[in-house]
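First up is the structure itself, then whatever we jot down about it.
The structure displayed is predicted, hence computed values, not measured ones. All ligand and atom numbering here is 1-based and tracks the order in the structure.
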Amino acid sequence: MPNAKLNQDTEPNRLANSPFSLTILGAGSATPTLKLHQTAQLLTIGSDHVLIDCGEGTQLRLIEQRIRPGRLRYIFISHLHGDHYFGLPPLLSSLNLGGRTEDLFLFGPRGLDEVLTTIFRVSDSRLGFRLHFQVVEPGTPTLLLDHPLMTVESIPLQHRIDCSGYLFREKPHKPHLLREKLPDDVPVHYLKQLKNGEDILGPTGEILFASAEYTEPGPPARSYAYCSDTRYVEELVPQLQGVNLLYHEATFMEDNAQRATEVYHSTAKQAATIAAKAGAERLLIGHFSSRYKQFDLFLEEARSVFPETYLAIEGQTTSI
Ligand SMILES: [Zn+2]
Ligand SMILES: [Zn+2]
């Protein structure tokens, strides 16, 4: 697995990236096993925590990872098969018990609001915080969130019921200022302009300080694509082009390719084919069927097509 640690070799304030990392909370599929938990992932961007899917027991996985559930701000649910959201009602209840007052933003398929409303109604629960729900329409990629640090768009997947993946893209980083190249007495507002890519002009329009000369490009913006339950969909490739980290389900191996297609799931080789065609940097595979006991074979199969494949391992954090 890629290492969890951020690259500490870079100088602070130079090319140091802000946190953008993924922690696997659950990598199993629908049938419960003692080895794997149901699907949930935590994406950390800057100081924000984003929960992606919320299988049974996710709140306990968060506690295990020493992530206070109260720090969650955004939750994205891919589809309404229980192994992807049955952990949500207890998580919301616990947030309420914990006295949460901050707004929480939930994205998911039509019907999720109905389920939650019914549960809260029959248990006579009233949330002490605002839960904003946005329906994710299946079928076409849609911009769902424009956050100061990232955008999130839906990825249309093909599963037995409506299902969407999510593409998280960092916004471009501002250039870094080469402060030591500038005179000490340069006015502070010049620094901001230079960082914004603007040249500093003199009274007659001559360039006093060219932005390109006193800055260097910031680190490239990174991206993470989450492809939850889906059969092999080659039409995903253009949207996933060049993604830094791709998670793609791999419920089966090629020995069950026929079954995978019938039940709208993918094989490890198919996941790897999507990653290769999309020119992804790295691939994580997960959602392994409980019929398999040996996950190394998934890795072998996927790596024969896309060498930069890694298993989604619960509790591990991948820096993107
Ligand atoms: Zn599933
Ligand atoms: Zn499913």
Can you confirm if the aromatic rings of Phe168 and Phe20 lie within a centre distance of less than 6.0 Å?
no
Would you check, one step at a time, whether the test side chain to side chain donor-acceptor pair (under 3.5 Å) holds for Tyr310 with Glu308?
CA-CA 7 Å; Tyr310 301 88; Glu308 280 300 306; 2.8 Å; yes
I'd like to know if the side chain of Glu216 reaches the main chain of Leu178, judged simply by a donor and an acceptor atom lying under 3.5 Å from each other, with no hydrogens or angles considered.
no
So, is His79 placed with an N/O/S atom under 2.8 Å from the Zn ion (ligand 1), counting both backbone and side chain?
no
Taking just the N, O or S atoms of His81, which one is nearest to the Zn ion (ligand 2)?
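Nearest N/O/S atom of His81: ND1.
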Write the atom name of the N, O or S atom in His159 that is nearest the Zn ion (ligand 2).
NE2
Considering only N, O or S atoms of [X], the one closest to the Zn ion (ligand 1):
X: His84; result: NE2
X: Asp83; result: OD2
X: Asp229; result: OD2
X: His287; result: NE2

Cation-pi, Phe252 ring and Arg291 (6.0 angstrom, 45 degrees):
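Relative to the ring axis of Phe252, which defines the angle, Arg291 lies outside at least one limit.
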Could you label the plane-to-plane angle of the His81 and His159 rings as parallel, tilted or perpendicular, counting under 30° as parallel and over 60° as perpendicular?
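Geometry flag for His159 against His81: perpendicular rings.
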Hey, which of Leu106, Thr58, Ile77, Leu43 is the one that makes side chain to side chain contact (heavy atoms under 4.5 Å, CB included) with Leu51?
Thr58
